[in-house]
Amino acid sequence: MADSALAYLSTVKDAFKDDREKFDKFLELMKNFTADRFNLVSGIEEVKELLKGHRDLIFGFNVFLPKGFEIKLPLEDEQPPQKKLDVFVEAKKIMHKIEVTTFHLRLGSMAKIMSTRHF
């Protein structure tokens, strides 16, 4: 994957060699993606908008996406399927709630233990 990702980034750089602002925006999106500050649904839409008119670059972004979430451009009269992306986003929200709840439960248990001990 690393080779194909580097080749893709090189292709994007070449495509926007005369539009540094657009390439910088793309790099910012990539930084957010790799730092896990990337909302999959809105991020994919941002990439599609930023790379509009460059179908090969839009499809090339699939190298970075999780299996099952690849970008498939619809025909002009079709609407893109959102169900898979919506399910992924909801699952991510639920996992976050579980993590927060677990953290608070552990924190509460630690506080209870600490309150019973004398230092």
* Just jot down the side-chain contact (heavy atoms from CB on, under 4.5 Å) partners of Lys31, sequence neighbours excluded, or say none. => Glu28
* Check whether any side-chain heavy atom of Val12 sits under 4.5 Å from a side-chain heavy atom of Phe61, and report yes or no. => no
* Structure fact -> CD1 of Ile58 to NZ of Lys72, rounded to nearest 0.5 Å, is 15.0 Å
* Structure fact -> Residues Leu65 and Glu70: closest non-hydrogen pair is CD1-CA, 4.2 Å
* Identify the heavy atoms of Leu9 and Met30 that sit nearest to each other, and give their distance. => CD2-CG, 4.3 Å
* Structure fact -> When rounded to the nearest 0.5 Å, the distance separating CG of Asn32 from CD of Glu46 is 8.0 Å
* To do: Begin from the C-alpha positions of His54 and Phe16 and carry the test side chain to side chain contact (heavy atoms under 4.5 Å, CB included) through to its verdict.
  => CA-CA 10 Å; His54 299 273; Phe16 295 112; 3.7 Å; yes
* To do: Could I get the full list of side-chain contact (heavy atoms from CB on, under 4.5 Å) partners for Lys13, not counting sequence neighbours?
  => Phe23
* **Nearest-0.5 Å distance, CG of residue Leu51 to CD1 of residue Ile71** => 8.0 Å
* To do: Kindly say whether Leu57 contributes a backbone atom to a donor-acceptor pair with the side chain of Tyr8 at under 3.5 angstrom?
  => yes
* So, the side chain of Asp14 versus the backbone of Thr11: is there a donor-acceptor pair under 3.5 Å, distance only? -> no
* Asked: Does Glu49 reach the main-chain N or O of Val47 with its side chain, forming a donor-acceptor pair under 3.5 Å?
  -> no
* Asked: To the nearest 0.5 Å, how far apart are NZ in Lys25 and CZ in Arg20?
  -> 15.0 Å
